[in-house]
Every structure is written in C-alpha cells, then in structure tokens.
Amino acid sequence: MTGSEGQDWAGYQPSKPSTAGLAFVFVKATEGTGYTNPKYTAQIATGRASVEIVGHYHFGRPGNMSAQVDYFLAHT
C-alpha cells in the first residue's frame, strides 16, 4: 500500500469518484433490509481499477440483524 488515505463512498456520490491519492475505499452496499446503493456496482469497479483495497459495508438499522445480514450478502 502506497499510503493510508481512503474514502467511504455511498449512493449520493458519483458513480466514478476520484481515486487520486487513495490506498483504499469502502463502498456502501446496503442499508437495513430495503436499500441498495444504486451506484454500488460502478463504484466497486472504479475502486478495483485504481486502488489496492476495496471493501464493502452495510449500514445497520434497528431491527432484525439476521435479516440485514442476509440482505447484505444477497446484494454484494
């Protein structure tokens, strides 16, 4: 890894955010059991093309955690 700078990307950001100077990105995939980031696929592709580490995350909401895990896994 060339540096330790990274970003968290979500649906309100561009489909192809700038990766200049980044070593890693984490992309929001899902939230609760009803939201999927509409730019997830494009943001993951952008990260994989340019940075060393690309992570995925779920934004948890109060409620059934098992259902949220299943939702996240089904959409990543």
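Start at 1 with the first residue, then count along the sequence. Excluded from the calculations below are hydrogen atoms, water molecules and symmetry mates; all remaining heavy atoms, backbone and side chain alike, are included. Note that the coordinates shown come from a computational prediction; the quantities given were computed from them, not determined experimentally.
In this structure, Lys16 contributes its side chain and Thr46 its backbone to no donor-acceptor pair below 3.5 Å.
Paired with Asn37 under the rule side-chain hydrogen bond (donor to acceptor under 3.5 Å, both in side chains), one option of Gln43, Lys28, Gln13 passes, and it is Gln43.
For the residue pair His75/Thr30, the side-chain donor-acceptor check at 3.5 Å is not satisfied. Counting only N and O atoms by type, the side chains of His58 and Glu31 include no donor and acceptor under 3.5 Å apart.
Residue Ala29 comes nearest to Thr76 through the heavy atom pair CB-CG2, 3.5 Å, listed as atom of the first residue, atom of the second, then distance. Minimum heavy-atom separation, Ala10 to Tyr57: CB-OH, 4.5 Å. Contact record, Gly60 with Gln68: CA-OE1, 3.3 Å, taken as the closest heavy-atom pair.
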- Quick one: do Trp9 and Thr19 satisfy side chain to side chain contact (heavy atoms under 4.5 Å, CB included)? Show the steps, please. CA-CA 11 Å; Trp9 295 345; Thr19 58; 3.6 Å; yes
- Message: Evaluate Phe72 against His56 for ring-ring contact (aromatic ring centres under 6.0 Å, His included), listing each step before the verdict.
- Response: CA-CA 9 Å; Phe72 172 74; His56 317 250; 7.4 Å; no
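Interatomic distance, Tyr71 OH to Asn64 CG, rounded to the nearest 0.5 Å: 14.0 Å. Taken from CG in Leu22 to CD1 in Ile53, the straight-line distance is 11.5 Å, to the nearest 0.5 Å.
The shortest distance between side-chain heavy atoms of Val27 and Tyr40 falls below 4.5 Å. With a 4.5 Å cut-off on side-chain heavy atoms, Ile44 and Val54 count as touching.
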